[in-house]
Amino acid sequence: GMGGPPLPLGGSARNIVAEAWAENAMLNSNIAGHSAAVGSTAAIGGRGDAQHQQQHRHAAAPEAAPAEVALEPGAGPGGCSQAALDELARQHDRLIGTILAEEEELITAHRQHIDMMVELIKEEMLHLNNVDRPGSDVDAYVSGLDRILRLKAEYIGGIRQRVDTFKEHLQQEDTLSKKFQSLATSSSS
């Protein structure tokens, strides 16, 4: 089977990505039984796709992997078309690649965010120490504090955006997996 890469995550975040890898492997093995073409594409997947996705991040925008796929016309109530299952699997593979790339980027951005915050806090402490001195420049203190607070808000907004996007993609992956499982189950009955 397909093993996941070592993940620099703790606790529940590691579990979420590990579950996504496990679901991806299960999804790929289910499809391999139905379609050799998708099975061979799935076997190529994994870490290489994540690196490819990371290199071409802009090409793999979130829109590249919508969570909703309409069934092809002609899919009766008793099942769905193989093409719809294949397309869901392809979308899932793309989404997993995007998630793995975003995970690495988020962790790196979080480390940088912490470093910036530490520097800004040091600067804040200098401003506080200076304003405590007799005859200090209150205007310099206020403008320095204002600048620091604006920068902190800007940095927090940036990392918050990354976190929200990542959470959204994890939710899309969950929805896509459930939809695939539901369609695969209904088509095999």
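What you find for Ala184 and Leu85 is that their closest heavy atoms are N-CD2, 3.8 Å. The two residues Leu120 and Lys152 have their closest heavy-atom pair at CD1-CG, 3.7 Å. For the pair Ile156 and His113, the tightest heavy-atom approach, listed with the atom from each and the gap, is CG1-CE1, 3.8 Å. Taking all atoms of both residues into account, the shortest heavy-atom contact from His169 to Ile99 is O-CD1, 3.5 Å. Of all heavy-atom pairs between Ala83 and Arg90, the closest is O-NH2, 4.5 Å.
Ile159 is not connected to Met117 by any chain of hydrophobic side-chain contacts under 4.5 Å among Ile, Leu, Val, Met, Phe, Trp and Tyr, and they are in different clusters.
Residues forming a side-chain hydrogen bond (donor to acceptor under 3.5 Å, both in side chains) with Asp137 (at least two apart in sequence, or on another chain): none. Every residue two or more places apart in sequence or in another chain that forms a side-chain hydrogen bond (donor to acceptor under 3.5 Å, both in side chains) with Glu123 is listed here: Arg147. Considering only residues two or more places apart in sequence or on other chains, Asp115 meets the salt bridge (Lys or Arg N to Asp or Glu O under 4.0 Å) condition with none of them.
Side-chain atoms of Thr165 and Gln161 form no donor-acceptor pair, as typed in the model, at a separation below 3.5 Å.
Remark: Leu95 CG to Ser177 OG distance equals 8.5 Å, nearest 0.5 Å. Between the NZ atom of Lys167 and the CG atom of Leu106 there is a distance of 11.5 Å, given to the nearest 0.5 Å. To the nearest 0.5 Å, atom CD of residue Glu119 and atom CD1 of residue Ile148 are 11.0 Å apart.
Annotation for Leu128: hydrophobic cluster partners, listed by chain and number, are Val131, Val138, Tyr141, Val142, Leu145, Leu149 (ILVMFWY side-chain heavy atoms under 4.5 Å, direct or chained). Hydrophobic side-chain contacts under 4.5 Å tie Val118 into a cluster, directly or through other members, with Ile114. Other residues sharing the hydrophobic cluster of Met125, ordered by chain and number and joined by side-chain separations under 4.5 Å: Ile121.
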Legend entry - Working for side chain to side chain contact (heavy atoms under 4.5 Å, CB included), residues Tyr155 and Leu151: CA-CA 6 Å; Tyr155 295 149; Leu151 283 172; 3.9 Å; yes

Legend entry - CA sep, side-chain torsions, deciding dist, call: Glu168, Gln172, side chain to side chain contact (heavy atoms under 4.5 Å, CB included): CA-CA 6 Å; Glu168 186 179 310; Gln172 286 176 0; 3.7 Å; yes

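Residues Ile107 and Glu103 meet the side-chain proximity criterion, which asks for heavy atoms closer than 4.5 Å.
Of the possible polar contacts, one joining the Thr185 side chain to the Gln181 backbone as a donor-acceptor pair under 3.5 Å is found.
Within 6.0 Å of the CE atom in Met116, the count of heavy atoms belonging to other residues, nucleotides or ligands does not exceed 12.
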